[in-house]
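For the numbers below, each heavy atom of this structure counts, side chains included, while hydrogens, waters and symmetry mates do not.
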Amino acid sequence: MEKRIWMKVTNDKYECPVEIAGSAGQLAIKCGTTAESIRSAIYHSKKTGYKSIYKCVKLEEDEN
């Protein structure tokens, strides 16, 4: 099973994490928005090439 980390990052070239959560719903609660708006921002940034303050990072698991 693949794990993901959902993050809100700074809006500069460094993209430092501001908030980190295990799901879009948890991040939405921390950021005062909805999970759907976070997913939408990530989707549109990938589709259009614009930067988003939200990131979803897939983690690789060790097979050991």
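- A donor-acceptor pair under 3.5 Å is formed between the side chain of Thr10 and the backbone N or O of Cys16.
- When side chains are defined from C-beta on, Met7 does not count as touching Glu15, because their heavy atoms never get closer than 4.5 Å.
- One distance of note links NZ of Lys51 with CG of Asp12; it measures 6.0 Å at 0.5 Å rounding.
- For the atom pair Lys55 NZ and Ile5 CD1, the distance stands at 14.5 Å (nearest 0.5 Å).
- Under the 4.5 Å side-chain contact rule for hydrophobic residues, Val9 and Ile42 do not share a cluster.
- Under the salt bridge (charged side-chain N to carboxylate O under 4.0 Å, His left out) criterion, Lys8 pairs with no residue, sequence neighbours left out.
- By the 6.0 Å contact criterion, NZ on Lys46 is open, its count of non-hydrogen atoms from other residues, nucleotides or ligands being 12 or less.
- The side-chain hydrogen bond (donor to acceptor under 3.5 Å, both in side chains) search around Thr33 returns Ser37, not counting sequence neighbours.
- Within the model, atoms CD1 of Ile38 and OG of Ser23 stand 9.0 Å from one another, a figure rounded to the nearest 0.5 Å.
- Counting heavy atoms from C-beta outward, Tyr54 and Ser45 have side chains that stay 4.5 Å or more apart.
- Residues Glu2 and Leu59 form no side-chain contact, since every pair of their non-hydrogen atoms from C-beta on lies 4.5 Å or further apart.
- The closest donor-acceptor contact from the side chain of Lys3 to the backbone of Glu60 lies at 3.5 Å or more, if one exists at all.
- Note: the hydrophobic cluster containing Ile53 also contains Trp6 (ILVMFWY, side chain heavy atoms under 4.5 Å, direct or indirect links).
- The salt bridge (charged side-chain N to carboxylate O under 4.0 Å, His left out) search around Glu19 returns none, not counting sequence neighbours.
- In the hydrophobic cluster analysis, where Ile, Leu, Val, Met, Phe, Trp and Tyr join through side-chain heavy atoms closer than 4.5 angstrom, Val57 is grouped apart from Leu27.
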